[in-house]
A.B. asks: 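If you scroll down you'll find the structure; I have some questions about it.
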Amino acid sequence: MVKILWVSAHPEPRSLNGALRADGLRTLAEAGHAYRESDLYAMGFDPVVRGSDYPAEPPDVPLDVAGASQRAYDSGTLPAEIRAEQDKLRWADTVVVQFPLWWYSMPAILKGWFDRVFVKGFGYGVTDPDTGRIRRYGDGTLAGRRALAVVTVGARGPSVGPRGIHGELSETLFGLLHGTFFYTGMQVLPPLLLTGSNRVGPERYEDMRAELTHRLRTLADTPPVPYRPEAGGDYDADLALRADLAPGRSGAAIHRSGPGHASTDPAAPERRDAGSLAGCR
């Protein structure tokens with residue numbers, strides 16, 4: 001049995017994302033997995049970091065968000081809704097984050113979830129007492145968990161490939177995959193990128209559903225993206241990749257020690273959904 005936290009961010013439950021979420025959770029239940037859910041729009045989750053998140057801070061002192069968040073985390077004074085999300089993450093061994101790609105990024109409500117929940121002391125900023133090193137990039141505070149991003153994208157096929165005008169999608173998501181999932185210690189599964197989501201007919205939807213079902217049924221067996229750990233010896237004192245590794249190359253792909261991952265889909269669907277590179281339509 002796998003214990004999954006499913007975090008979703010779409011305002012319309014009748015959308016493509018809503019249908020995929022329902023099918024995904026049904027698949028997990030049928031496979032005998034346990035899951036908990038954070039449907040951020042349904043929860044009315046407030047994505048804005050505010051001084052009130054840290055009630056013990058003196059009001060006459062300028063707010064240091066990182067320091068204040070760690071003090072609130074350590075003292076147990078974070079708001080109940082943040083502590084509840086952290087409890088879900090502690091419980092889970094796998095995190096599925098599902099969202100439409102808007103303006104080359106995640107919806108603001110999901111970005112705010114990371115901002116408010118992954119506070120210092122919980123998501124980052126913890127030192128290994130044996131080595132004195134900050135635990136990050138493969139050895140973070142959420143080590144031992146796996147993370148899967150399920151992302152719908154309005155653009156189609158080659159336009160989101162390595163030579164496409166929209167850019168290669170795995171690089172577009174580098175901040176989430178490497179800078180958030182891997183930074184906090186999670187093993188990063190290759191993202192499920194469902195392209196052409198603005199127009200999806202019944203046949204295309206069945207293909208998408210089958211892709212999602214397969215990925216969920218193989219959560220425990222899918223090899224993670226082979227990102228290079230910070231402590232693995234591949235980086236110099238300035239945290240730049242050593243000159244003898246991937247010589248003459250640059251970009252996000254050099255931070256993988258094996259072949260890169262790419263996932264595009266040339267299908268041309270018919271039904272519209274709010275999952276476009278250019279924003280919600």
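Only heavy atoms go into these numbers, but all of them, side chains included; no hydrogens, no water, no symmetry mates. All values derive from a computational prediction rather than experimental measurement.
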A.B. asks: Within 45 degrees of the ring normal and closer than 6.0 Å to the centroid, is that where the cationic atom of Arg146 sits relative to Phe181?
C.D. replies: no
A.B. asks: How close do Thr152 and Pro100 get, heavy atom to heavy atom, and via which atoms?
C.D. replies: OG1-CA, 3.3 Å
A.B. asks: Using a strict 4.0 Å threshold on nitrogen-to-oxygen distance, state whether Arg71 and Asp74 make a salt bridge.
C.D. replies: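 Judged by the 4.0 Å cut-off on N to carboxylate O distance, Arg71 and Asp74 do not form a salt bridge.
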A.B. asks: So that I can tick it off, tell me whether Arg256 and Glu171 are bridged by a salt bridge, with the cut-off set at under 4.0 angstrom between side-chain N and carboxylate O.
C.D. replies: no
A.B. asks: Between Arg83 and Gly76, which heavy-atom pair has the shortest distance, and what is it?
C.D. replies: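 Arg83 and Gly76 have their closest heavy atoms at NE-O, 3.8 Å.
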A.B. asks: Here's one to test your reading of the geometry: is the NZ or CZ of Arg36 within 45 degrees of the ring axis of Trp91 and under 6.0 Å from its centre?
C.D. replies: yes
A.B. asks: Are any of the side-chain heavy atoms of Val151 and Gln98 separated by less than 4.5 Å?
C.D. replies: no
A.B. asks: Within the 4.5 Å heavy-atom criterion, are Ser69 and Phe122 side-chain neighbours or not?
C.D. replies: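 In short, these two side chains do not touch, never coming nearer than 4.5 Å.
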A.B. asks: For the residue pair Tyr54 / Asp64, report whether a side-chain donor-acceptor contact shorter than 3.5 Å exists.
C.D. replies: no
A.B. asks: Would you say Leu194 and Val200 make side-chain contact, with heavy atoms under 4.5 Å?
C.D. replies: no
A.B. asks: Output yes when Arg21 and Glu37 qualify as a salt bridge under the 4.0 Å nitrogen-oxygen rule, no when they do not.
C.D. replies: yes
A.B. asks: Under a 3.5 Å threshold, yes or no: a donor from one side chain and an acceptor from the other, between Ser38 and Lys88?
C.D. replies: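 Present: a donor and an acceptor within the cut-off.
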A.B. asks: Would you check, one step at a time, whether the test side chain to side chain contact (heavy atoms under 4.5 Å, CB included) holds for Leu241 with Arg228?
C.D. replies: CA-CA 9 Å; Leu241 190 64; Arg228 304 174 189 268; 3.6 Å; yes
A.B. asks: Fit a plane to each ring of His178 and His255, take the angle between them on a 0 to 90° scale, and name the class: parallel (under 30°), tilted (30 to 60°) or perpendicular (over 60°).
C.D. replies: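 Tilted.
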A.B. asks: Is it true that Asp87 and Arg90 make a salt bridge, defined as a side-chain N closer than 4.0 Å to a carboxylate O?
C.D. replies: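 Yes.
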A.B. asks: Just do the salt bridge (charged side-chain N to carboxylate O under 4.0 Å, His left out) check on Asp53 and Arg50 with the steps written out, would you?
C.D. replies: CA-CA 6 Å; Asp53 284 351; Arg50 308 177 193 276; over 6 Å; no
A.B. asks: Indicate the atoms forming the closest heavy-atom contact of Gly121 with Gln70, along with that distance.
C.D. replies: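 Smallest heavy-atom distance, with atoms named: CA-NE2, 4.1 Å.
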A.B. asks: Any salt bridge between Arg116 and Glu81, counting N to O under 4.0 Å?
C.D. replies: yes
A.B. asks: So which heavy atom on Leu176 is nearest to which on Ala149, and how close?
C.D. replies: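 What the structure gives for the nearest pair is CD2-CB, 4.2 Å.
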A.B. asks: Give a yes or no on this: more than 12 heavy atoms of other residues, nucleotides or ligands lie within 6.0 Å of atom NZ of Lys111.
C.D. replies: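 No, the 6.0 Å shell around NZ holds no more than 12 heavy atoms from other groups.
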A.B. asks: Is it true that Asp221 and Arg217 have a side-chain N and a carboxylate O under 4.0 angstrom from each other?
C.D. replies: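 Salt bridge between Asp221 and Arg217, a charged N being under 4.0 Å from a carboxylate O: no.
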A.B. asks: Can you classify the ring geometry of Tyr137 versus Tyr183 as parallel (below 30°), tilted (30 to 60°) or perpendicular (above 60°)?
C.D. replies: perpendicular
